[in-house]
Undergrad: 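The structure's right below; bear with me while I get my questions together.
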Amino acid sequence: MASMAAVLSKTPFLSQPLTKSSSPNSDLPFAAVSFPSKSLRRRGGGGVGSVRAGLIAPDGGKLVELIVEEPKRREKKHEAAELPRVELTAIDLQWMHVLSEGWASPLGGFMRESEFLQTLHFNSLRLDDGSVVNMSVPIVLAIDDEQKALIGDSKRVALVGSDGNPVAILSDIEIYKHPKEERIARTWGTTAPGLPYVEEAITNAGNWLIGGDLEVLEPVKYNDGLDRFRLSPAELRKELEKRNADAVFAFQLRNPVHNGHALLMTDTRRRLLEMGYKNPILLLHPLGGFTKADDVPLDWRMRQHEKVLEDGVLDPETTVVSIFPSPMHYAGPTEVQWHAKARINAGANFYIVGRDPAGMGHPVEKRDLYDADHGKKVLSMAPGLERLNILPFKVAAYDKTQGKMAFFDPSRPQDFMFISGTKMRTLAKNNENPPDGFMCPGGWKVLVDYYESLTPAGNGRLPEVVPV
């Protein structure tokens with residue numbers, strides 16, 4: 001892992017000031033964003049006006065970091081070479097990354113059956129001391145009959161990458177049935193065909209799950225030009241402490257940032273200052289794992305986010321941009337709990353949630369898969385998230401009279417425009433501009449360039465994507 005100093009010297013997203021110039025579902029309002037109402041809802045006691053110094057403690061009281069220390073790596077690699085092998089898929093590797101850095105603290109490896117069942121049925125884990133932490137999404141590793149037979153009576157296995165090289169050791173293992181239908185029904189609330197994560201990672205997966213204690217042999221790297229932005233919870237906490245943050249508000253996203261998002265984030269900081277915080281810091285935290293095919297890819301999203309900071313839409317002095325390595329389930333109220341819980345482990349004590357978080361359209365019927373308000377309602381009641389401050393919002397959209405994103409005024413609905421995801425993508429694909437004030441010009445150009453990169457070149461082949 002590169003030193004923090006090296007990380008900071010390579011990216012303007014974190015510390016270096018920049019020179020400033022002046023919905024996920026295609027059928028839903030992409031530019032309709034939710035904004036804080038008059039009060040910020042605080043869970044776990046204490047009024048909204050109470051201000052505490054220092055970062056929120058990780059779940060379980062301590063970050064669980066599962067990467068083998070440098071001096072022991074050679075020895076562990078020799079051990080791994082002698083063990084039965086389980087090859088990881090790309091999504092398995094992403095979950096291993098999540099576990100290794102402590103995003104799922106206090107989880108110490110791929111789930112054993114008791115942890116899996118608690119997650120499925122309670123959306124939480126009970127610790128040895130009787131306390132409860134939130135855990136709403138199973139983090140499991142599937143194997144097939146052949147792999148199970150090869151493991152035999154061994155209590156340890158080596159996890160290997162696509163190149164066949166060991167990347168981790170799983171110890172004190174437990175192998176148990178993979179109840180796919182139950183897992184899908186409990187996680188998504190439906191077993192309808194066409195769920196992106198299910199088709200990618202569950203349908204054709206093995207009929208067994210293997211859990212155990214995880215030791216990752218080296219920090220996970222993707223060598224895609226973006227590793228410098230993949231800050232672990234420990235690194236993020238170090239950066240937030242360096243900035244003297246007394247409040248950290250996290251914004252999860254998997255889409256380009258438009259000015260409605262930016263207004264949401266800047267308005268949240270203003271409200272935190274009014275509450276008495278001295279230096280609230282925004283954690284702008286795009287999801288970096290698996291996403292469905294029609295989402296804008298991570299590298300293009302990161303370029304777009306950079307332009308948002310360069311154009312002065314967000315303040316780089318009060319914003320930390322980093323990549324969250326988790327895969328995306330599109331599991332609505334169930335998954336949004338995971339997104340919130342993981343940000344606690346990174347030091348966030350406020351979590352921004354808007355309309356239909358982690359949702360998608362129904363894969364078969366022409367409707368939303370989840371009620372648009374259930375995500376934020378569930379977060380306000382979820383077990384193990386009592387320490388997290390949930391930010392309830394009201395809607396904003398494009399105000400035609402002001403030429404910018406603004407709070408929606410129900411007394412004059414004719415003045416507001418809701419720009420759907422389909423409309424935004426159509427404009428970008430056609431190299432047309434959205435209304436002035438919808439998105440910063442630099443960010444919009446990145447989006448147009450992305451869709452142009454998908455257009456076949458004169459020889460009928462897709463042009464090569466320019467690396468970041």
Undergrad: Taking salt bridge (Lys or Arg N to Asp or Glu O under 4.0 Å) as the definition, give me every residue that meets it alongside E146, ordered by chain and number, with sequence neighbours left out.
TA: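 Once residues adjacent in sequence are excluded, E146 has no partner under the salt bridge (Lys or Arg N to Asp or Glu O under 4.0 Å) criterion.
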Undergrad: Indicate the atoms forming the closest heavy-atom contact of N349 with N389, along with that distance.
TA: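 Heavy-atom minimum between the residues: O-ND2, 2.6 Å.
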Undergrad: Salt bridge check: are K238 and E241 linked by an N-O gap of less than 4.0 Å?
TA: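 Looking at E241 together with K238, the answer is no, because their closest N to O distance does not fall below 4.0 Å.
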Undergrad: Do K180 side-chain atoms and T203 backbone N/O form a donor-acceptor pair below 3.5 Å?
TA: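 Yes, because the side chain of K180 sits within donor-acceptor range (under 3.5 Å) of the backbone of T203.
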Undergrad: Please report the shortest heavy-atom distance between A158 and A80, naming the atom on each side.
TA: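 Nearest pair, atom of A158 first, then A80: CB-O, 3.4 Å.
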Undergrad: Scan residues 203-227 for pairs that pass ring pair (Phe, Tyr, Trp, His ring centres under 6.0 Å), counting only residues two or more places apart or in two chains.
TA: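 Sorted pair list: H97-Y222.
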Undergrad: Distance from E101 atom CD to M96 atom CE, nearest 0.5 Å?
TA: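 If we round to the nearest 0.5 Å, E101:CD and M96:CE are 10.0 Å apart.
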Undergrad: Backbone N or O of P383 within a donor-acceptor pair of the N134 side chain at under 3.5 Å?
TA: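 Between the backbone of P383 and the side chain of N134 there is a qualifying donor-acceptor contact (under 3.5 Å).
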Undergrad: Give the table of side-chain donor-acceptor pairs shorter than 3.5 Å for residues 188-198, with sequence neighbours excluded, one pair per line with atom names and distance.
TA:
from: W188; atom 1: NE1; to: H329; atom 2: O; distance (Å): 2.9
from: T190; atom 1: OG1; to: A192; atom 2: N; distance (Å): 3.0
from: Y197; atom 1: OH; to: W95; atom 2: NE1; distance (Å): 2.9

Undergrad: Report yes or no: does S322 contribute a side-chain atom to a donor-acceptor pair with the main-chain N or O of L231 at less than 3.5 Å?
TA: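 Indeed, once roles are kept as given, a pair shorter than 3.5 Å links the two residues.
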Undergrad: Tell me if a side-chain donor or acceptor on Q337 pairs with a main-chain N or O of A382 at a distance below 3.5 Å.
TA: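 Side chain of Q337 to backbone of A382: no pair is present.
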Undergrad: Would the distance check show the side chain of D449 and the main-chain N or O of V446 forming a donor-acceptor pair, the cut-off being under 3.5 Å?
TA: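 Checked: no pair found.
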Undergrad: If only atom types and distance count, is the side chain of K148 paired as donor or acceptor with the main-chain N or O of L209 below 3.5 Å?
TA: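 Absent.
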Undergrad: Rounded to the nearest 0.5 Å, what separates atom CG in D224 from atom CD1 in I323?
TA: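 Reported to 0.5 Å precision, the distance equals 7.0 Å.
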Undergrad: Any salt bridge linking R303 with E306? Criterion: basic side-chain nitrogen under 4.0 Å from a carboxylate oxygen.
TA: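 No salt bridge links R303 with E306.
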Undergrad: Drop me the distance from L272's CG to R269's CZ, to the nearest 0.5 angstrom.
TA: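 Reported value, rounded in 0.5 Å steps: 8.5 Å.
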Undergrad: Scan residues 102-124 for pairs that pass salt bridge (Lys or Arg N to Asp or Glu O under 4.0 Å), counting only residues two or more places apart or in two chains.
TA: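 For residues 102-124: R112-D172, R112-D213.
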Undergrad: For the CG atom of D299 and the OH atom of Y450, what is their distance to the nearest 0.5 Å?
TA: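 Output value for this atom pair is 9.0 Å.
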Undergrad: Strictly distance-based, threshold 3.5 Å: is any side-chain N or O of R387 a donor or acceptor partner for the main-chain N or O of A57?
TA: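 Yes: the side chain of R387 pairs with the backbone of A57.
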Undergrad: Go through the steps to decide whether H258 and Q304 satisfy the test side chain to side chain donor-acceptor pair (under 3.5 Å), and finish with yes or no.
TA: CA-CA 10 Å; H258 57 64; Q304 197 270 349; over 6 Å; no
Undergrad: Ignoring hydrogens and angles, tell me if any N or O in the side chain of S136 forms a donor-acceptor pair with the backbone of N123 under 3.5 Å.
TA: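 Looks like no, no N/O pair under 3.5 Å.
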Undergrad: What are the two closest non-hydrogen atoms of G375 and P357, and how far apart are they?
TA: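 Between these two residues, the closest heavy atoms are CA-CG, 3.7 Å.
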Undergrad: Between R367 and H362 (side chain of the first, backbone of the second, donor and acceptor by atom type, cut-off under 3.5 Å), is there such a pair?
TA: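 Checking the backbone N and O of H362 against the side chain of R367, no donor-acceptor pair under 3.5 Å is found.
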Undergrad: Look at the rings of F324 and W103 and say which category their plane angle falls in: under 30° parallel, 30 to 60° tilted, over 60° perpendicular.
TA: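 Answer is perpendicular, since the angle exceeds 60°.
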Undergrad: If you take all heavy atoms of M135 and A104, which pair is closest and at what distance?
TA: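 Nearest pair, atom of M135 first, then A104: CE-O, 3.7 Å.
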Undergrad: Indicate yes or no for a side-chain donor-acceptor contact from E235 to the backbone of S232 under 3.5 Å, with no hydrogens or angles considered.
TA: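 Side chain of E235 to backbone of S232, a donor-acceptor pair under 3.5 Å: yes, one is there.
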Undergrad: Applying salt bridge (Lys or Arg N to Asp or Glu O under 4.0 Å), name anything that partners D227, two or more places apart in sequence or on another chain.
TA: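 Partners of D227 under the salt bridge (Lys or Arg N to Asp or Glu O under 4.0 Å) test: R230.
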Undergrad: I'd like to check the ring-ring contact (aromatic ring centres under 6.0 Å, His included) partners of Y451; sequence neighbours left out, ordered by chain and number.
TA: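 If we apply the ring-ring contact (aromatic ring centres under 6.0 Å, His included) test to Y451, skipping adjacent residues, there are no hits.
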Undergrad: CG/N255 to CG/D295 distance, rounded to the nearest 0.5 angstrom?
TA: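 Here the rounded value is 6.0 Å.
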Undergrad: If you measure from OG on S171 to CD on E79, what distance do you get to the nearest 0.5 Å?
TA: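 Output value for this atom pair is 8.0 Å.
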